[in-house]
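Written out below as structure tokens is the structure these notes cover.
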Amino acid sequence: MGSTTHECGSRTVSEQVEAETPIDRGGYDFNVMQAKWRPVWEKLDPFKARDDGSAERRYALTMFSYPSGDLHMGHAEVFALHDLLSRYWFQKGYDVLNPIGWDSFGLPAENAAIKRNEHPATYTYANIETQAESIRRYGMSFDWSRRLHTSDPEYYKWTQWLFLRFYERGLAYRKASFVNWCPYDQTVLANEQVIQGRCERCGHEVTKRELTQWYFKTTEYAQRLLDDMELLQWPEEILLMQRNWIGRSEGAFANFQVEGRDEPIKVFTTRPDTLFGATFMVVAPDAKLAAELVTPDQQAAFDEYLTAVKSTTEIERLSTERDKTGVFLGSYAINPVTGERIQIWAADYVLADYGTGAIMAVPGQDTRDWEFAEKFGLPIVRTVQPSADFEGKAYTGEGPAINSANDEISLDGLGVDQAKARIIDWLDSKGLGERTINYRLRDWLLSRQRFWGAPIPIIHCPACGEVPVPDDQLPMELPDLRGADLAPKGVSPLAADREWVEVDCPKCGGKAERDTDTMDTFVDSSWYFLRYLSPEYTDGPYDPAAAERWMSVYQYVGGKEHAVLHLLYARFFVKALHDMGLLSVVEPFTRLLNQGQVINQGKSMSKSLGNGVNLGDQIDLYGVDAVRLTMVFAGPPADDIDWADMSPGGSLKFLQRAWRLAGSVEAPLGSDPSTGDVELRRITHRTIADSAELIDSMRFNVMVARIMELVNATRKAIDAGPGAADPAVREAVETVAVLLSLVAPYTAEDMWETLGYEPTVAKAGWPEVDPALLVQDTVTCVVQIAGKVRDRLEVAPDIGDADLEQLALASDAIQKALDGRGVRKVIVRAPKLVNVVPA
RNA sequence: GCGGCUCUGGCCCAAUUGGGAGAGGCGCCUGGCUUAGGACCAGGAGGUUCAGGGUUCGAGUCCCUGGAGCCGCACCA
């Protein structure tokens with residue numbers, strides 16, 4: 001840890017604010033600039049998407065915000081990076097769509113409403129206004145005319161409409177399953193609301209409860225979600241996380257006959273080659289199958305076990321040290337290849353919702369099965385020969401099959417892959433099994449027993465069953481509940497409002513009830529990027545023609561915490577919409593940038609650690625531009641930024657230095673740069689060309705360094721070179737203003753005005769590069785002997801290999817270093833390098 | 001446990017993708033300007049590129065082994 005860190009650790013943020021005294025910035029006053037330019041930009045409104053075909057369209061999107069409070073340091077980073085890209089495309093002349101909105105449904109607003117005895121909307125929309133104001137101050141180039149909030153009835157009307165389209169196609173359905181349950185709050189919790197096995201609200205241990213819930217059939221799209229990854233220019237890390245999450249695994253189904261039962265047990269296995277070693281079976285205790293297979297004399301034991309399993313807390317379940325538990329069901333199956341009679345057990349290490357909820361247990365080749373067999377005294381047979389030095393228990397590695405033969409088939413001696421193929425063919429021919437692919441991905445549980453979300457537009461009628469709310473009755477609006485109405489009381493808040501619940505069935509007109517669940521907020525965010533395209537559209541969730549023009553999103557910027565949630569759900573949504581004929585693209589986001597986190601002193605900021613940095617304080621201290629610049633300059637965008645290691649004061653100093661250049665320019669507006677100093681012009685044009693390349697490859701920190709070099713060179717040219725009146729100086733400073741406009745819009749705008757232009761610099765246009773100025777007269781060639789530099793030569797950039805070799809060998813320094821040794825080999829990489837290998 | 005990413009001057013980070021170890025910033029030091037300065041200007045010091053091995057004419061970069069840190073998944077049959 002550096003000294004800066006220690007210093008910060010001993011002072012609070014507010015003390016730092018007080019310690020800083022106003023200093024003379026040579027006329028540079030960010031507060032004045034921020035006050036001056038914001039109203040001008042708001043009047044000019046330069047960032048509205050034109051959508052008139054006048055230029056190539058480009059859709060730039062940043063993950064919309066959850067209105068939990070004011071903006072924080074994380075927003076400041078993602079916005080700075082996103083805005084840099086958007087402003088770059090504006091400068092390049094693209095027709096950029098850069099919308100903003102709010103993900104405004106969700107639990108925190110509901111909790112706040114209970115505490116304050118008010119409606120969640122009060123808290124939500126107040127926070128939205130606070131954030132909107134902060135975003136405007138931050139100088140973001142958003143097209144505000146497309147602003148949306150997912151909690152507006154005009155928005156969630158279409159969320160409901162889309163749900164119904166999924167429902168019609170069987171992609172939304174209801175089923176009973178075990179879900180996270182908080183016994184204290186008497187409510188279901190989403191996975192993300194379970195923190196290390198405890199309820200995020202009350203801290204009580206979470207258990208499981210069987211409830212009927214709504215699901216989206218994401219599993220149906222598992223393979224396509226995998227396949228279409230090749231269309232995406234996303235960080236490999238995120239694609240990998242999605243691949244792992246989807247968890248494709250190749251294997252086989254195998255059927256096991258059960259004594260006294262017609263229906264065989266079907267299992268999924270990735271190791272069909274070990275079938276001869278299947279010495280018992282295990283079914284998930286919470287699967288229907290378990291209840292069906294239990295014999296009367298084992299009923300009591302099973303019931304006891306099931307009760308225990310249900311009350312097992314997440315904390316226990318997640319423990320890796322946990323002993324295997326289980327109970328014998330009393331039934332027997334027949335191993336289809338050995339003919340052995342094998343016991344059927346129930347154990348919670350088998351999951352009800354993966355595969356078929358039942359496994360063949362092969363202790364010889366599976367660690368978990370070995371543990372279980374050992375504990376309960378079940379037989380173990382090795383069917384793969386472990387390597388000679390193997391000393392462990394279950395052997396999961398490669399090796400020849402053993403003990404794997406019957407009258408009809410033998411796998412003995414075959415390697416794992418060959419044995420798999422052979423046994424699958426055999427099972428197939430006997431009708432006992434088949435090759436198959438299984439996925440780890442589960443269907444998306446979308447219902448929540450919460451108030452502040454989009455109500456599920458289904459009516460339950462005793463006569464007609466599930467009846468969709470007719471489209472023309474959408475939105476199915478939330479009732480006006482507030483304060484104590486929303487407090488947990490065992491049923492969802494909507495269910496408690498009988499007046500809201502009781503409706504006439506749209507089909508038969510009889511008495512019926514509304515569904516009382518609301519949708520997961522990830523449903524809202526799975527299509528918001530489509531609503532932006534035509535936020536006023538009333539004939540559907542979005543105008544298909546607009547979608548045709550703008551989709552897919554060219555660049556999406558946001559945090560990687562959504563790697564397998566939002567980003568996967570949105571991909572699923574777009575594919576489903578495509579299949580419905582509502583969208584021609586199959587992927588929502590072509591390119592993805594995941595920014596790192598802003599941390600402090602090596603740890604993420606938190607109240608309990610007391611290491612939070614307040615964005616507003618930082619902006620008061622250093623100004624918007626310096627904060628933005630610090631975010632961009634900190635390092636590669638994907639890396640975390642430790643604020644304790646950053647120097648926003650240094651960023652401010654640089655901005656001031658750049659800003660002063662504008663006041664130094666003496667060449668009049670419109671002077672011809674071609675008459676200016678060539679050396680400075682080379683640097684200017686090199687900087688423009690490099691900046692474009694660096695932005696395209698997302699190396700924004702390096703681009704800032706290049707701008708700094710240009711500023712340094714320009715200052716030098718003014719003070720100790722061709723002087724302030726040289727047109728090349730004006731060209732350089734104008735370039736600085738335009739490049740800087742991507743990161744520091746206020747400073748750049750002020751410079752632009754000083755240079756004699758009308759606002760806004762944001763649309764000045766990307767400066768044109770003169771290719772002639774990028775060519776160098778000479779380059780330095782390094783001459784090495786055995787890889788060590790021994791001489792440098794100034795040569796023409798187009799020098800040939802042979803000439804260069806001759807020149808290098810003729811060098812005094814080289815001849816001296818060779819010291820009479822012969823030359824074995826010469827490697828020439830004209831014009832930069834020659835390596836002489838001595839004999 | 002499995003998987004991924006990262007490691008370069010005191011600190012944040014560059015390095016034309018296998019070719020000169022250093023672009024930029026912070027900090028530090030010296031000098032100038034200054035009543036003074038944390039402002040401005042000029043200059044400077046500082047590294048066994050985490051360790052070891054390999055490939056190569058040549059390795060910060062590629063491969064292997066190990067270390068440290070961060071992150072994801074975690075009884076998925």
Side-chain angles (χ1 to χ4, degrees), chain A residues 1-5 20-21 23-26 235-238 240-241 243-245 247 249 251 267-271 274 282 317-320 322 324 347-351 353-362 365-369 371-372 438-442 560-561 563-564 596-597 599 602 604 629-630 633-636 638-642 644-651 653-654 656-657 660 690 693 699 701-712 715-716 719-720 780-792 824-827 829 832-838:
Chain A
M1 266 193 234
S3 58
T4 325
T5 306
E20 205 82 15
T21 51
I23 45 173
D24 180 16
R25 297 278 176 200
E236 198 47 49
E237 182 191 7
I238 302 297
L240 195 72
M241 281 169 74
R243 255 183 227 115
N244 292 341
W245 188 262
S249 72
V267 301
F268 172 74
T269 176
T270 56
R271 294 294 303 275
T274 63
V282 186
R317 202 185 66 77
L318 290 171
S319 163
T320 46
R322 187 169 162 249
K324 291 273 178 294
D348 69 353
Y349 81 93
V350 172
L351 308 175
D353 54 359
Y354 183 77
T356 60
I359 63 160
M360 63 179 209
V362 188
Q365 275 77 229
D366 184 286
T367 322
R368 299 152 299 181
D369 296 342
E371 258 179 64
F372 194 82
N438 202 35
Y439 299 90
R440 184 183 167 281
L441 183 73
R442 309 295 155 82
K560 68 180 170 191
E561 65 272 18
V564 288
Q597 284 196 305
I599 60 174
S604 43
L629 180 70
T630 303
F633 187 51
D639 288 5
D640 286 350
I641 298 174
D642 193 331
D645 295 334
M646 293 301 118
S647 48
S651 300
K653 226 164 81 178
F654 164 72
Q656 180 190 346
R657 190 171 147 79
R660 279 203 318 267
D690 285 355
E693 237 175 75
R699 290 180 293 167
N701 54 323
V702 186
M703 181 202 69
V704 172
R706 286 293 142 74
I707 301 175
M708 287 173 170
E709 283 179 79
L710 177 57
V711 167
N712 292 343
R715 175 45 63 193
K716 199 165 213 166
D719 293 344
T780 308
C781 174
V782 174
V783 187
Q784 302 174 328
I785 290 181
K788 292 213 164 90
V789 181
R790 287 296 149 87
D791 198 10
R792 289 161 222 270
R824 180 148 64 98
K825 196 169 167 187
V826 182
I827 285 115
R829 295 283 179 273
K832 296 283 286 184
L833 177 130
V834 177
N835 188 16
V836 181
V837 187

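Since we're looking at a predicted model, the values are computed, not measured. Letters A, B, ... are given to chains in the order of the sequence lines, protein chains preceding strands, and every chain is numbered from 1.
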query: Distance under 6.0 Å and angle within 45° of the ring axis: does A:Lys324 meet both against A:Tyr349?
result: yes

query: Is there a Watson-Crick or G-U wobble partner for B:C2 with both distances under 3.5 Å, and which nucleotide is it?
result: B:G72

- prompt: Looking at B:C71, does its base get a donor-acceptor pair with the side chain of A:Lys560 below 3.5 Å?
  reply: no

task: Please name all residues satisfying salt bridge (Lys or Arg N to Asp or Glu O under 4.0 Å) with A:Glu237, sequence neighbours left out, ordered by chain then number.
output: A:Lys560

- request: Examine B:G25: is either OP1 or OP2 under 4.0 Å from a nitrogen or oxygen in the side chain of A:Asn712? Give yes or no.
  value: yes

- line: Closest of B:A77, B:A39, B:G20 to the A:Gln656 side chain is B:A39

task: Quick one: look up who B:A59 pairs with, Watson-Crick or G-U, both distances under 3.5 Å, and put none if it's unpaired.
output: none

query: Can you name the residues that form a salt bridge (Lys or Arg N to Asp or Glu O under 4.0 Å) with A:Asp639, not counting sequence neighbours?
result: none

- request: If a protein heavy atom is under 4.0 Å from the base, mark B; if only from the sugar-phosphate, S; if neither, -; do that for nucleotides 3-9 of chain B going 5' to 3'.
  value: SS-----

task: Rounded to the nearest 0.5 Å, what's the gap from CE on A:Met703 to CD on A:Glu693? Could you check?
output: 13.5 Å

- prompt: Without hydrogens or angle criteria, can the side chains of A:Thr270 and A:Ser249 be said to hold a donor-acceptor pair below 3.5 Å?
  reply: no

- line: To the nearest angstrom, the CD1-P distance between A:Ile599 and B:G69 comes to 15 Å

task: Report the distance from atom CZ of A:Phe372 to atom CD1 of A:Ile359, rounding to the nearest 0.5 Å.
output: 8.5 Å

task: Determine whether any donor atom in the side chain of A:Arg792 lies under 3.5 Å from an acceptor atom in the base of B:G20, or the reverse, and answer yes or no.
output: yes

- prompt: Does any N or O donor sit under 3.5 Å from an N or O acceptor when you compare the side chain of A:Asp645 with the base of B:C12?
  reply: no

